[in-house]
Structure formats: structure tokens, C-alpha cells
Amino acid sequence: MKQTIAFFVVLLLIKNANAQKKTTADATLVVKEKSITLPGKQLDINADGFPAMIQTSFNLVTEPIHFHVINSLNHKDIKWKNGAFNYTSQKPDKVSWSVKNTSDSLNMDVDGLIKADGKLAYTVKITALNDINLDNIRMHIPFTTAAAKFVKGLGQKEELRPEAIEWKWSTDKAAEAKVWVGDVTGGLQFELTDNQHKKIPASWANDGHGGIHIEQKGKAILADNYSGEHHLKKGDVLYYNFSMLITPDTKK
């Protein structure tokens, strides 16, 4: 059974790759307000600069992708004030944007980019405006159940998604950190990175405290990308970069 599932998922990923190649040459990004469309896909952008919705032939997420930055002082999320949303570049094959999110204690600069092949890249720069201790910094990707039948990565060998996945950063597991979650009707590959382009991103891994947990929570299959406690001095900077690839509907 596992061999059959593994073969199916490998075949699916090959079809996805071929479909990406076929559509990329002729793909043109169309921008309308905070929505960007390309053949078979659409990205809606939230006020904070992160994806509000990602679609192939159906929705891949149940709600916007978002960060939780938790203050140790009161164990509550830091509340952000969203700055102006600006497109920094608009070309037929590539569109980029930026948003500066602010609070009394931290700034979060978000720079996003999408290419015609469905690849997204985010630079997320968090700067401490004063000394602050944080319980956690985490990014939530709330997949729809329809978009989370299979998982590849995080030690999963092309199998049906198990009930729960718990994965921690370590040197011997760095190669497992590129994760694909999806089904034949589309999916999303994501990878956590930093500004140094190292195999183990410093802020996400946080000396082994960081990891990824995937499990159903409410209506979503939640990918909880967490990093643990941080003790920041005024002026300290953390990068919580990540990249994504929207894989197409292979039935078309």
C-alpha cells in the first residue's frame, strides 16, 4: 500500500513539474488591487503583506497565512499596525510588494515576490525597538483539508498525511525541511529560509528550539512553524524568510 501511495505522489510531483514548465513560458501575471492571477492560480494579499488566499482550482488555505509573535510579558500576541501596501515592481513575469508593520516594541518589514511559475519568496525582517523577551515567533499555514491529503518532507516518504507530524531542526534533518502539502488538484510547497541562505536558518531553528508541527485544528490542517523563545536587545534583527511554490491542478 505504501509503495502504491509513494508511486502516486512521485508521479503527481513529476506531473506538477511538467505542468509548471508548460505554463511558465506563456504565463503573464495580472495585477488587480491586491490580487495577482496567473494561469490556473491566484494569490490574494493581506494588509500585512502575507497571502490572504492561495487558489488553484480551489482554495489551498482556510484563512490568511499569518505570524504570531508572543510577548513574554503578558503571553499575548503583539498587535501590529499595518503600513501602506506598495507594489515595488510590476512586470509580466514577476511582481513584488512591501509592507512595514509596526508596534511599540517591534517592527516587521515584509517584502514579497511572485513569479510567473507560481514561486513566491518572502523576506520578513523583525527589528527590536527596545529590549524584549518573546515566548515564541511562529508562522501558521492553515491548509484546507482538500489541499492536505499528502505530505512530502519532514521525514515523510511520499505518504498519506499522518494524523500529526512533529519535526525539529537539526543538522542531520536539514534536507527534510522543504515541505510539499497537497493533492492531485493542487498543493503548496514551502521552505523556511533566512538572509544567509544557510541549510539551517538561524532564526527559525533557534539553536534547536524551532520546528514544524502539522495537525488538524478546527477546519484547517495547520502547519505551525515555530522557533521558541527569543531574548532581544534594542536593535537586534531576526529574519523569518520563507519561500513557496503553488503547484497546479494536474487534471487540467
From [X] atom [atom1] to [Y] atom [atom2], the distance as rounded to the nearest 0.5 Å:
X      : Y      : atom1 : atom2 : answer
Ile221 : Glu163 : CD1   : CD    : 10.0 Å
Asn46  : Glu63  : CG    : CD    : 10.0 Å
Gln156 : Ile165 : CD    : CD1   : 4.0 Å
Asn107 : Ile126 : CG    : CD1   : 10.0 Å

Heavy-atom side-chain contact between [X] and [Y] under 4.5 Å:
X      : Y      : value
Leu245 : Trp180 : no
Met108 : Val69  : yes
Ser35  : Asp44  : yes
Ser227 : His209 : no
Phe50  : His66  : no
Pro51  : Ile45  : no
Ile70  : Leu134 : no
Leu154 : Ile212 : yes

[X] versus [Y], closest heavy-atom pair with distance:
X      : Y      : answer
Phe58  : Ala146 : CE1-CB, 3.7 Å
Gly49  : Tyr122 : O-OH, 2.7 Å
Met244 : Ile141 : CE-CD1, 3.6 Å
Leu232 : Asn133 : N-OD1, 4.5 Å
Ser105 : Ile78  : OG-CD1, 3.7 Å
Val151 : Val179 : CG1-CG1, 4.2 Å

| All pairs passing side chain to side chain donor-acceptor pair (under 3.5 Å) where residues 89-99 contributes a residue, at least two apart |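 Pairs touching residues 89-99 that pass the test: Thr88-Ser96.
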| Pairing residues for Asp109 by the salt bridge (charged side-chain N to carboxylate O under 4.0 Å, His left out) criterion, not counting sequence neighbours |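 Expected list: Lys100.
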Transitively linked via ILVMFWY side-chain contacts under 4.5 Å: [X] with [Y]?
X      : Y      : value
Leu188 : Leu222 : no
Val237 : Ile137 : no
Val181 : Tyr226 : no
Ile246 : Val30  : no
Met139 : Tyr239 : no

| field | Non-neighbouring partners of Tyr240 that pass ring pair (Phe, Tyr, Trp, His ring centres under 6.0 Å), sequence neighbours left out | value |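 Trp204.
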| query | Salt-bridged, Asp131 to Lys234, with N to O below 4.0 Å? | reply |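 Salt bridge: no.
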| said: Under a 4.0 Å threshold between the charged nitrogen and the carboxylate oxygen, would Asp117 count as salt-bridged to Lys115? | reply: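 Looking at Lys115 and Asp117, the cut-off is not met.
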Side-chain donor-acceptor pair under 3.5 Å between [X] and [Y], yes or no?
X      : Y      : result
His213 : Asp224 : no
Asp135 : Ser72  : yes
Asn101 : Asn82  : yes

| message | Taking the six-membered ring of Phe190 as reference, does the cationic atom of Lys178 (NZ for Lys, CZ for Arg) lie under 6.0 Å from its centre and within 45° of its axis? | response |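 Lys178 over Phe190 ring: no.
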| query | Is the backbone of His197 close enough, under 3.5 Å, to the side chain of Asp194 for a donor and an acceptor to pair up by distance? | reply |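 Present.
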| Donor-acceptor pair, Asn206 side chain versus Ser203 backbone, under 3.5 Å? |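 Judged by distance alone, no pair lies under 3.5 Å.
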| Crowded around Lys149 NZ? As in, over 12 foreign heavy atoms under 6.0 Å? |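 Open.
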